[in-house]
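The residues of the chain are indexed from 1 along the displayed sequence.
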Amino acid sequence: MKTKTGAFVLPGDALGVTEEYDPAEWTFDDDGKIRSLVAGTVSLDSKNKRISIVPKTSSPAVLKNGDVVYGQISEVRGQRALMRIGGIKDNKRGLVTNFSGGIHISQADKGYVAKLTDEFRIGDLVDAKVTKIIGLDNVDLTTAENELGVVKAMCTNCRAYMKQINKKEVLCPRCGRKEGRKISSKYEG
Ligand SMILES: [Zn+2]
């Protein structure tokens, strides 16, 4: 790989391969290729086999592993719920990019989950933690912690926000429908 320390790169630029280097700050592993998440200059650490980027701006608002984000569920497929990320919790940086995240069924709750539609539905507002940066605007998320999961559930029947009635269920005050959710300890209502 020809990448050199000090080279200026843009988001998505290829920097190296994971067989030779570990992707470090502001980079991500794109199926074996290391790419930059941000515009900045390359920093190659040959001794420790790490590639990182020194961002051009002082504090770009980009997600990293461990960030707790909030967002809205946009789709629930068989094994994966998709979420549009609105921003980082308790953080005023905001997000410059339109990130979306995926919650795999194995990451929805601590125990075994039989049906993802008993955990999330379209329109739900959810808190989740970033576990992996997959690409420029795509991350893997988990909600398998008490304070993570649905904070506001949207009724699949009438679109009203629902009230929590026990650890796993919410009730629609408008139409009376009862549904299951992965409910956060911070559920609102
Ligand atoms: Zn309803």
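Closest heavy-atom contact between R174 and C158: NH1-O, 3.1 Å. Looking at every heavy atom in both residues, Q164 comes nearest to Y187 through OE1-CB, 3.4 Å. Across every non-hydrogen atom of K110 and N146, the tightest pair is NZ-OD1, 2.8 Å. Heavy-atom minimum distance, M83 versus G71: CE-N, 3.4 Å. Minimum heavy-atom separation, G101 to N138: CA-OD1, 4.4 Å. Here the closest heavy-atom approach between residue R121 and residue V76 is recorded as CA-CG2, 4.1 Å.
In terms of modelled atom types and a separation under 3.5 Å, the side chain of T143 and the main chain of A108 share a donor-acceptor contact. Between the side chain of N166 and the main chain of E169, a donor-acceptor pair closer than 3.5 Å is present. Remark: side-chain polar atoms of T41 are not paired, donor with acceptor, to backbone N or O of G6 under 3.5 angstrom. Between the side chain of S43 and the main chain of S52, no donor-acceptor pair closer than 3.5 Å is present. Formation of a donor-acceptor pair under 3.5 Å by the E147 side chain with backbone atoms of S185 is not found in this model. When atom types are taken as modelled, the side chain of S36 and the backbone of D13 share no donor-acceptor pair closer than 3.5 angstrom. Side chain of K163 to main chain of V170: no donor-acceptor pair is present (N/O by atom type, distance under 3.5 Å, no hydrogens or angles). Distance alone, capped at 3.5 Å, places no donor-acceptor pair between the D109 side chain and the G111 backbone.
For the atom pair CD1 of I133 and CG of D30, the computed distance is 13.0 Å after rounding to the nearest 0.5 Å. Atom CG of L148 sits about 11.0 Å away from atom CD of Q107, to the nearest 0.5 Å. Atom CD1 in I73 sits 9.0 Å away from atom CD1 in I122 (nearest 0.5 Å). Atom CD1 of residue I51 and atom CD of residue E20 lie 8.0 Å apart, to the nearest 0.5 angstrom. One distance of note links CG of L37 with OG1 of T27; it measures 7.0 Å at 0.5 Å rounding. Here the straight-line distance linking atom CD1 of I103 with atom NZ of K182 works out to 10.0 Å at 0.5 Å rounding.
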Working for salt bridge (charged side-chain N to carboxylate O under 4.0 Å, His left out), residues E19 and K49
CA-CA 10 Å; E19 285 160 9; K49 301 277 175 206; over 6 Å; no
Check the pair Y161, M154 against side-chain contact (heavy atoms from CB on, under 4.5 Å), reporting the backbone distance first and the verdict last.
CA-CA 5 Å; Y161 282 114; M154 190 184 269; 3.8 Å; yes
Walk me through whether I85 and V139 qualify under side-chain contact (heavy atoms from CB on, under 4.5 Å).
CA-CA 10 Å; I85 297 175; V139 296; 3.7 Å; yes
E25 vs R50, salt bridge (charged side-chain N to carboxylate O under 4.0 Å, His left out): CA-CA, chis, key distance, verdict:
CA-CA 9 Å; E25 288 80 11; R50 294 168 89 248; 3.4 Å; yes
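Side-chain contact between L171 and M162 is absent, with no heavy-atom pair separated by less than 4.5 Å. Considering only heavy atoms from C-beta on, Y70 stays 4.5 Å or farther from V151 through its side chain. V42 is listed as a side-chain neighbour of I53, based on a closest heavy-atom distance under 4.5 Å.
For K129, the salt bridge (Lys or Arg N to Asp or Glu O under 4.0 Å) partners are E145, not counting sequence neighbours. For I105, the side chain to side chain contact (heavy atoms under 4.5 Å, CB included) test picks out Q79, V113, L116, with sequence neighbours left out.
R159 CZ: more than 12 foreign heavy atoms inside a 6.0 Å radius. Residue D31 qualifies as open at atom CG: its count of foreign heavy atoms under 6.0 Å is 12 or below.
Evaluated for a side chain to side chain contact (heavy atoms under 4.5 Å, CB included) with L141, the options L63, L82, V69 yield exactly one hit, V69.
A salt bridge is absent between D127 and K186; no separation between the charged side-chain nitrogens and carboxylate oxygens falls under 4.0 Å. Checked for salt-bridge contact, E75 and R84 miss the test: no charged N lies under 4.0 Å from a carboxylate O.
Side-chain contact, E179 with T156: a donor N or O sits under 3.5 Å from an acceptor N or O.
Using a 4.5 Å cut-off between side-chain heavy atoms of Ile, Leu, Val, Met, Phe, Trp and Tyr, with links allowed through other members, V68 and V130 fall into different hydrophobic clusters.
Here I134 is tied to no hydrophobic group at all, with no ILVMFWY side chain closer than 4.5 Å.
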